[in-house]
2 protein chains.
Amino acid sequence: MSGPRWLNTSEMRAWRGLMGMSRLLFEQLGRELGKEAGLSMADYEVMVQLSEAEGRRLRMSDLAAMSLLSKSRLSHQVARMEATGWVRRESCPSDRRGAFAVLTDEGFAVLADAAPGHVEGVRHHLFDLLDPDEIEQLGAITTKLYQHLNTVVERDCAAPKRDGAVSEAV
Amino acid sequence: MSGPRWLNTSEMRAWRGLMGMSRLLFEQLGRELGKEAGLSMADYEVMVQLSEAEGRRLRMSDLAAMSLLSKSRLSHQVARMEATGWVRRESCPSDRRGAFAVLTDEGFAVLADAAPGHVEGVRHHLFDLLDPDEIEQLGAITTKLYQHLNTVVERDCAAPKRDGAVSEAV
DNA sequence: CGGAAATGGTTGAAGGCTAAATTACCTCGA
DNA sequence: TCGAGGTAATTTAGCCTTCAACCATTTCCG
């Protein structure tokens, strides 16, 4: 039994930095978005995905995957957004289990209004502080890690099912 | 009025990468911690801070600052941990408003049990995928951003008070 | 065909998080 | 010494998230 391989100084700096930085960054951006446009990061993310999609509509599953939300969470999220009028549900003709989430004109307008300020925030708290090299490095590192994690999460959350029932034994 | 400065390709890659990566990373580590040791990332973080402190105890405010939790959230958090027996509260003799959170022996044992697996997870999902240069870069970038954000958050959350009442006008 | 299993999506309950209000105490200055 | 204002921490209420159970439909396959 070899003891656990603890983090060295360089690793510890990266770990603490990453943890603190991402926590504060997303909290801060969320706060600003809430104050300036009255929406949450989840609202924003969902609307962005819809706005970029063909016909401003996506199947719930696809939208969930793109926004990195669980199906359940997306369902609640869309329910709230439907209540405020930013999104509408439509049933899918080809698969009667399915549902589309559609961005309404009102939703699009809200997004268009919020976007410039949000991008400014991202610049102000992130890119304005980094030089082009650092942005490249950050992109390379995070993309690589992201891809790895995607496969891990898929494996981990598909066997024990992210939602849905568990099939007992073989 | 110049239009908003949208993100260029490099920036967009870094932004999407950072967002996706950090979401998945912390979710995954949290899931593993929950499965393997029965505790949340917040539990873990709080216990680490306490375990490293003089006498395994910290004032609630200091603990909140170190763990990047709001006072309110920490109060709830510690209440739960007290109920499970991992932490105990002690009142502060020198300032009777104050309270210490103290890591119990049981809490320390739970942490000691959880730590090796958690560190393995951090290695497996993060450092094993990066070479030393990249770890250096990540550390440099995140530390710089973290420091900036700390000042921003302090400013933003101290004027409109993170808790407490607002003093009207001058 | 017909039934088992898988898929798409929703629901409800339980618990966590946030913001605002509250309690209790300390500090400073007139 | 008194009171105004600040600080430490908790509490309450409302919203959000998660987990597990559920319904409806489709697909797979003997």
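To find a chain, count down the sequence lines: A is the first, B the second, and so on, and within it residues start at 1. What you see is a predicted model; the values in this text were computed from it and never measured.
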Could you list all N or O pairs between the protein and nucleotides 25-27 of chain C that sit under 3.5 Å apart?
residue : atom : partner : partner atom : Å
C:dC25  : O2   : B:Arg97 : NH1          : 3.4
C:dC26  : OP1  : B:Arg96 : N            : 3.2

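Every residue meeting the side-chain hydrogen bond (donor to acceptor under 3.5 Å, both in side chains) condition with B:Glu134, not counting sequence neighbours, appears here in chain and number order: A:Lys144. With sequence neighbours left out, the side chain to side chain contact (heavy atoms under 4.5 Å, CB included) criterion links A:Ser51 to A:Leu103, A:Phe108, A:Leu111. Under the salt bridge (Lys or Arg N to Asp or Glu O under 4.0 Å) criterion, B:Asp128 pairs with A:Arg5, sequence neighbours left out. Under the salt bridge (Lys or Arg N to Asp or Glu O under 4.0 Å) criterion, A:Arg23 pairs with no residue, sequence neighbours left out. Residues meeting the side chain to side chain contact (heavy atoms under 4.5 Å, CB included) test with A:Ala99, sequence neighbours left out: A:Met60.
To the nearest angstrom, C1' of D:dT11 lies 14 Å from NZ of B:Lys71. Remark: C1' of D:dC15 and CZ of A:Arg73 are 12 Å apart, rounded to the nearest angstrom. Per the geometry, CG belonging to B:Leu74 stands 14 Å off P belonging to C:dG16, to the nearest Å. A:Leu69 has its CG atom 15 Å from the C1' atom of C:dG9, to the nearest Å. B:Lys35 has its NZ atom 14 Å from the C1' atom of D:dT18, to the nearest Å.
B:Leu130 CG to B:Gln137 CD: the interatomic distance, rounded to the nearest 0.5 Å, is 9.5 Å.
Taking a 4.0 Å limit (strictly below) on heavy-atom distances, residues 76-89 of chain B reaches DNA chain C at B:His76, B:Arg80. For the contact set between residues 44-61 of chain B and DNA chain C, defined by any heavy atom under 4.0 Å, there are no members.
Looking at heavy atoms from C-beta onward, A:Met19 lies out of side-chain contact with B:Val122 at the 4.5 angstrom threshold.
When the shell of 6.0 Å around CZ of B:Arg96 is examined, it contains 12 or fewer heavy atoms from other residues, nucleotides or ligands.
Screening residues 101-114 of chain B for side-chain hydrogen bond (donor to acceptor under 3.5 Å, both in side chains) gives no qualifying pairs among residues at least two apart or on separate chains.
Through direct or relayed side-chain contacts under 4.5 Å between Ile, Leu, Val, Met, Phe, Trp and Tyr, A:Phe100 connects to A:Val102.
Between B:His125 and A:His148, the ring-plane angle classifies as tilted under the 30° and 60° cut-offs.
Distances were taken from every side-chain heavy atom of B:Ser72 (C-beta onward) to each of C:dT11, C:dG8, C:dA19; the shortest belongs to C:dA19.
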Sequence neighbours excluded and cut-off under 3.5 Å, please list the side-chain donor-acceptor pairs for residues 52-59 of chain B, or say none.
residue : atom : partner : partner atom : Å
B:Arg57 : NE   : B:Gly55 : O            : 3.4
B:Arg57 : NH1  : B:Glu90 : OE1          : 2.6

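Counting only distance, with no hydrogens or angles, the side chain of B:Glu11 and the backbone of B:Asn8 share a donor-acceptor pair below 3.5 Å.
When the local axes at the two ends of the helix from C:dC1-D:dG30 to C:dA30-D:dT1 are compared, using 5 base pairs at each end, they differ in direction by 10° after rounding to 10°.
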